[in-house]
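Read the structure below first, then the notes.
Note that this is a predicted model, so its numbers are computed, not measured.
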Amino acid sequence: MSINTKTFPGIALCFILAIPCWLLGQQFHLIGSPIFAIILGIIIGSLFTSWKREKTGAGIAFTSKKILQWAVILLGFGLNITQILHVGWISLPVIISTIATSLIVSYIIFKMTHIESNTAVLIGVGSSICGGSAIAAAAPVINADDQDIAQAISVVFFFNVVAAFVFPPLGDALHLSNMGFGLFAGTAVNDTSSVTATAAVWDSMKGTGTQVLEYATIVKLTRTLAIIPICLGLASYQVYKAKQVAANSGDAASVNVASIFPKFVLYFVICSLITTILSYMNVDIHFLDIFKTISKYFITMAMVAIGLNTNIVKLLKSGGSALALGAACWIAIAIVSLVAQHIIGLW
């Protein structure tokens with residue numbers, strides 16, 4: 001599938017609808033443009049006639065799949081691996097602990113309930129790494145449909161809002177240090193914008209300028225690096241499943257690893273390495289900021305497309321189990337984050 005006369009109308013529709021969502025996201029950082037995009041997409045989608053879907057369906061599908069992949073690739077330009085690890089190394093034990101906890105909890109609850117496997121994976125990955133960006137990166141790897149993505153994004157958003165209001169007074173009641181709360185916010189809040197909002201509330205409460213905000217952001221960026229091994233791991237598992245199916249059917253030779261393994265994940269890693277190498281060579285990498293901005297707009301476009309293809313009735317019916325999974329991951333991450341930093345002496 002490529003951009004042509006068949007896909008262009010749908011792509012143009014998503015591009016135009018993304019504009020107000022993007023502007024609203026710049027004004028309301030805690031909510032963010034992806035949530036506005038999904039909501040608008042669902043509203044517009046409910047008004048679509050079959051004729052309109054026939055004209056725009058191919059482009060909407062292209063946007064929710066291919067443009068989402070392009071967004072993830074360009075996201076790699078925002079990751080300077082060496083710098084993030086150099087500054088955020090002290091937070092790594094806590095980050096690894098919280099990510100492992102969220103993934104384990106999501107797997108256990110998936111086994112205990114009837115929640116969709118892809119929804120469970122996306123909520124687990126989104127809760128443990130970096131919210132919408134991680135969901136956007138993982139979704140194409142596991143071939144998640146628009147319903148799964150919308151469900152996961154909505155759940156992660158809900159707990160982002162809760163965290164922004166609950167975590168600062170909770171941290172104060174627990175007598176966390178400034179560095180301790182920065183680590184708590186950076187590891188226990190999902191989305192980057194929500195991390196900064198939560199940390200900014202603490203700075204205002206304690207009169208610490210931007211000290212906690214800056215540290216929490218570094219922790220969050222360090223946590224974002226987990227997108228690389230998680231996506232590579234998921235991709236490898238998809239290849240493994242394909243080989244198992246082929247082996248059981250007696251046609252193992254037909255498995256084409258290159259066609260199954262998502263190339264966009266490797267391009268994402270390459271972009272991260274380019275940023276890291278240029279920084280290591282003392283090249284001013286601010287010119288790469290334009291790619292990060294384009295990436296965020298592409299994600300907004302993709303969320304519009306996902307909203308347009310989302311069945312709101314089905315979304316609401318399955319919302320209870322998804323919220324329960326999100327709550328379990330969120331609570332587990334918060335507890336492990338606090339316990340881990342207590343162990344390493346930051347509390």
Side-chain angles (χ1 to χ4, degrees), residues 1-72 115-116 118-119 122-123 126 131-133 135-136 138-140 143-161 191 193 293-323 326:
M1 187 183 291
S2 60
I3 299 177
N4 51 44
T5 54
K6 187 177 181 180
T7 58
F8 181 78
I11 296 171
L13 175 66
C14 293
F15 179 86
I16 292 169
L17 291 178
I19 294 173
C21 302
W22 173 264
L23 296 175
L24 285 169
Q26 304 308 301
Q27 296 299 316
F28 303 96
H29 295 287
L30 182 58
I31 299 176
S33 57
I35 290 296
F36 285 118
I38 286 180
I39 293 172
L40 181 60
I42 289 174
I43 293 172
I44 299 297
S46 66
L47 303 175
F48 262 29
T49 63
S50 57
W51 178 83
K52 289 178 181 176
R53 287 199 177 276
E54 183 180 335
K55 292 292 184 181
T56 60
I60 291 171
F62 181 89
T63 303
S64 68
K65 303 299 181 185
K66 293 297 183 180
I67 288 185
L68 184 61
Q69 292 179 14
W70 296 349
V72 174
I115 192 170
E116 292 286 337
N118 283 348
T119 301
L122 294 181
I123 291 176
S133 297
I135 292 170
N143 296 316
D145 61 27
D146 292 344
Q147 197 77 27
D148 297 325
I149 299 171
Q151 193 78 267
I153 290 282
S154 301
V155 168
V156 167
F157 159 71
F158 176 77
F159 289 105
N160 281 341
V161 174
D191 196 72
S193 59
T293 301
I294 294 172
S295 170
K296 292 176 182 177
Y297 194 82
F298 278 176
I299 288 177
T300 304
M301 285 180 61
M303 293 305 131
V304 167
I306 287 165
L308 289 169
N309 283 335
T310 296
N311 184 326
I312 185 62
V313 175
K314 184 179 177 182
L315 183 68
L316 293 174
K317 281 184 177 179
S318 59
S321 56
L323 272 175

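Between the side chain of Tyr297 and the backbone N or O of Ile19, at least one donor-acceptor pair lies under 3.5 Å. Between the side chain of Ser295 and the backbone N or O of Ala71 there is at least one donor-acceptor pair closer than 3.5 Å.
Distance check, rounded to the nearest 0.5 Å: CD1 of Ile3 to CZ of Phe8 gives 8.5 Å. Here the CG-NZ distance, from Asp145 to Lys65, works out to 6.5 Å after rounding to the nearest 0.5 Å. Taken to the nearest 0.5 Å, the NZ atom of Lys66 stands 14.0 Å off from the CZ atom of Phe298. We find the OG1-CG distance between Thr63 and Leu68 to be 10.0 Å, quoted to the nearest 0.5 Å. To the nearest 0.5 Å, the span separating CD on Gln151 from CD1 on Ile38 amounts to 10.0 Å. The distance from atom CD1 of Ile43 to atom CG of Leu17, rounded to the nearest 0.5 Å, is 11.0 Å.
Atom CD of Gln27 sits in a sparse spot, with 12 or fewer heavy atoms from other residues, nucleotides or ligands closer than 6.0 Å. Heavy-atom neighbours of Lys6 NZ from other residues, nucleotides or ligands within 6.0 Å: at or below the threshold of 12.
The minimum heavy-atom distance between Ala144 and Asn118, with the atom names listed, is CA-ND2, 3.6 Å. Here the shortest heavy-atom pairing between Ile306 and Ser64 reads CG1-CB, 4.0 Å. Between Ala322 and Ile123 the shortest heavy-atom distance is O-CD1, 3.7 Å. Between Leu122 and Ala152, the shortest heavy-atom distance links the atoms CB-CB, 3.6 Å. Closest of all the heavy-atom pairs between Gly132 and Ile153 is CA-CD1, 3.7 Å. Taking each heavy atom of Ser321 and Ile115 in turn, the nearest pair found is O-CD1, 4.0 Å.
Side-chain contact between Trp22 and Lys296 is present, with at least one heavy-atom pair separated by less than 4.5 Å. For the pair Ile149/Ile135, a side-chain contact is recorded, criterion being any heavy-atom separation below 4.5 Å from C-beta on. Two residues are said to be in side-chain contact when any heavy atoms from C-beta on lie closer than 4.5 Å; Leu308 and Leu13 meet this criterion. Counting heavy atoms from C-beta outward, Met301 and Ile11 have side chains that approach closer than 4.5 Å.
By the side chain to side chain contact (heavy atoms under 4.5 Å, CB included) test, Ile16 is found to be paired with no residue, residues two or more places apart in sequence or in another chain being considered. Checked against side chain to side chain donor-acceptor pair (under 3.5 Å), Asn309 has the following partners two or more places apart in sequence or in another chain: Asp146. Take Phe159 and apply the ring-ring contact (aromatic ring centres under 6.0 Å, His included) test, not counting sequence neighbours, and it matches Trp330. Residues satisfying the ring-ring contact (aromatic ring centres under 6.0 Å, His included) criterion with Phe158, sequence neighbours excluded, are absent altogether. When the side chain to side chain donor-acceptor pair (under 3.5 Å) test is applied to Thr310, no partner is found at least two apart in sequence or on another chain. Legend: residues meeting side chain to side chain donor-acceptor pair (under 3.5 Å) with Ser33, ordered by chain and number and at least two apart, are Thr300.
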request  = Determine, step by step, whether Phe36 and Val304 satisfy the side-chain contact (heavy atoms from CB on, under 4.5 Å) criterion, reporting the C-alpha distance in whole Å, the side-chain angles of both residues, the deciding distance to 0.1 Å, and the verdict.
outcome  = CA-CA 8 Å; Phe36 285 118; Val304 167; over 6 Å; no

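Between Phe62 and Trp70, the gap from one ring centroid to the other is short of 6.0 Å.
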